[in-house]
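Shown next, in structure tokens, is the structure this report addresses.
We count ligands from 1, going down the list as the structure has it; atoms in each ligand are counted the same way.
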Amino acid sequence: MKHELVIVLDFGGQYNQLIARRVRECNVYCEVKPYTTPLAELKAMEPIGIIFTGGPNSVYLEDSPHVDPEIFTWGVPVLGICYGCQLMAYTLGGLVTEATDDSAREYGKTQTFYDTSCKLFQGLPQEGISWMSHGDYMARVPEGFSLVAHSNACPNVAIADEARGFYGVQYHPEVNHTQHGTDMIRNFLYQVCGAKGDWTMEDFCRRTVASLREKIDGGRVLLALSGGVDSSVLAALLAEAIGDRLTCVFVDHGLMRKNEGGEVEEAFRKWDVQFVRVDAEERFLSKLAGVEDPQEKRRIIGAEFGYVFRDEAERFGITNQDYLAQGTIYPDVIESGKGDADVIKSHHNRLLPPEVVARFKGVLEPLDLLFKDEVRQLGRELGLPEYLVMRQPFPGPGLAIRIIGAVTKEKADTLREADYIYREEIAKAGWDTKISQYFAVLTDTRSVGVQGDGRTYDSLLALRGVTTTDFMTADWARIPYEVLDKVSVRIINEVPGINRICYDITSKPPATIEWE
Ligand code: XMP
């Protein structure tokens, strides 16, 4: 059965996959295509609507990305976001210029006023916060368009030509900071494009199991298992598809949280799958010795994981006609850099050395179109226990990216203890289910303190806690002072080498969740 489809046309913005995420959250299937995709190809996909994403360029510059203007005579509704909005305005005869006046250049949370008679804003409040991030400005909107939203600084925050089904917004409805942003996207899909909503996780699960079975074709799979949500869900999916032809390899790189290796092992030993635990602490720590650069640490860890998998494949007779599988999800792909977007940080599973990839028939990443909350939904669909599905994420590189500067076993041990106390107190206070992810970071800053009667000159520990659903954007968690106080007192008293603690109060963006 063919799904109704929306195309997200990618102009290189950082939040592009989030747009796709939002569309699917509204139960409409969508695919992200580069802006260079020929119009004929887009037409052949028969989408019910197109969304132009944001992007880092200025439409009036010669080598900036453009579209075939015929896209606007095809009869398919278009929603332009940020750069996409300016591109639509520019292509249809409007004027876009650099905002020289500071008031027209907007960044961050902006009070915005909407015309709720416009289909895009139907049923929504007349004002709310929108997330802006643009340095260009629509000085004149094209003929046929009216202004349907404004801010105090800017008269044309959103434009619409309802007769032709063209809508443009300067802000980012896809990020959580924009109030009712998803509702606006839903209005575009259902009110403008006439979507019915035929995309569900049950359907994704059924189709993916069938296609994995067909692809693996009687072969075996070595699954890179971290014990986190993504790889656990993938284990369940693969077990459903190929049963005992699955071998799960869990690598303990010595950079796990306290007790974590044992917990993962205990959970998976109960399963009816082949489970292998590899103790590789020395191997990883020796490769990381003296390395300070975050991207370099990530590269080393990603590569070393690959070499361990290759060695284990040899050990278990997995041939070059078999597959390697990883629980890569969409944010891993996008944040590691794709298309025209800047590389923020390379997630470890994007860094397999080519010789490792060549060792297998192929690398399977069946979750690479899903966001975290979709992966959790899929886990439930597959009958995974709630404690596994709702585990807070833990990055593949582990504590290595939470120790600023060079990693040593001593620092990892210090951080493990501090992090454990933090987690224990958060759980005791009942905050573990209210925060999406929380952890401690061992900084490379030292400061002077006084403990007992003596002077100390020890490390600064940072605590981080965020709330988010998709981990693409996040807000810092408002943990009660009393809880932070308990954590601070305990860590200072119980963990040698730390004499000062701070709490990170930055959201994402502009910060990221992890410090490296
Ligand atoms: P950032 O720091 O990019 O993190 O805001 C977003 C989410 O991704 C996790 N993360 C990773 N997960 N391998 C992973 O499996 C990685 O290399 C990696 N880097 C970050 C991070 O913990 C957060 O949940």
Checklist line | Sorted by chain and number, the residues that approach ligand 1 to under 4.0 Å with a heavy atom | finding: R298, E335, K345, H347, H348, P393, P395, G396, P397, Q437, F471, K508, T512, I513, E514

Next item on the list: Considering non-hydrogen atoms only, spot the tightest contact between T512 and K345 and give its length.
Entry: OG1-NZ, 2.8 Å

Check: Looking at R21 and E25, does any basic side-chain N land under 4.0 Å from a carboxylate oxygen?
Finding: yes

Next item on the list: Give a yes/no verdict on a cation-pi contact between R269 and W271, requiring under 6.0 Å between NZ or CZ and the six-membered ring centre and an angle within 45° of the axis.
Entry: no

Notebook entry, point to check: Between F52 and F11, is the gap from one ring center to the other below 6.0 Å?
Noted result: yes

Can you give me every donor-acceptor pair (side chain of residues 248-259, partner residue at least two apart or in another chain, under 3.5 Å) with its distance?
from	atom 1	to	atom 2	distance (Å)
D252	OD1	G254	N	3.0
D252	OD2	R277	NH2	3.0
H253	ND1	L255	N	3.1
H253	NE2	G396	O	2.8
R257	NE	E260	OE1	3.1
R257	NE	E260	OE2	3.4
R257	NH2	E260	OE2	2.5
K258	NZ	E417	OE1	3.2
K258	NZ	E417	OE2	3.4

Notebook entry, point to check: Less than 4.0 Å between a side-chain N and a carboxylate O, is that true for D322 and R245?
Noted result: no

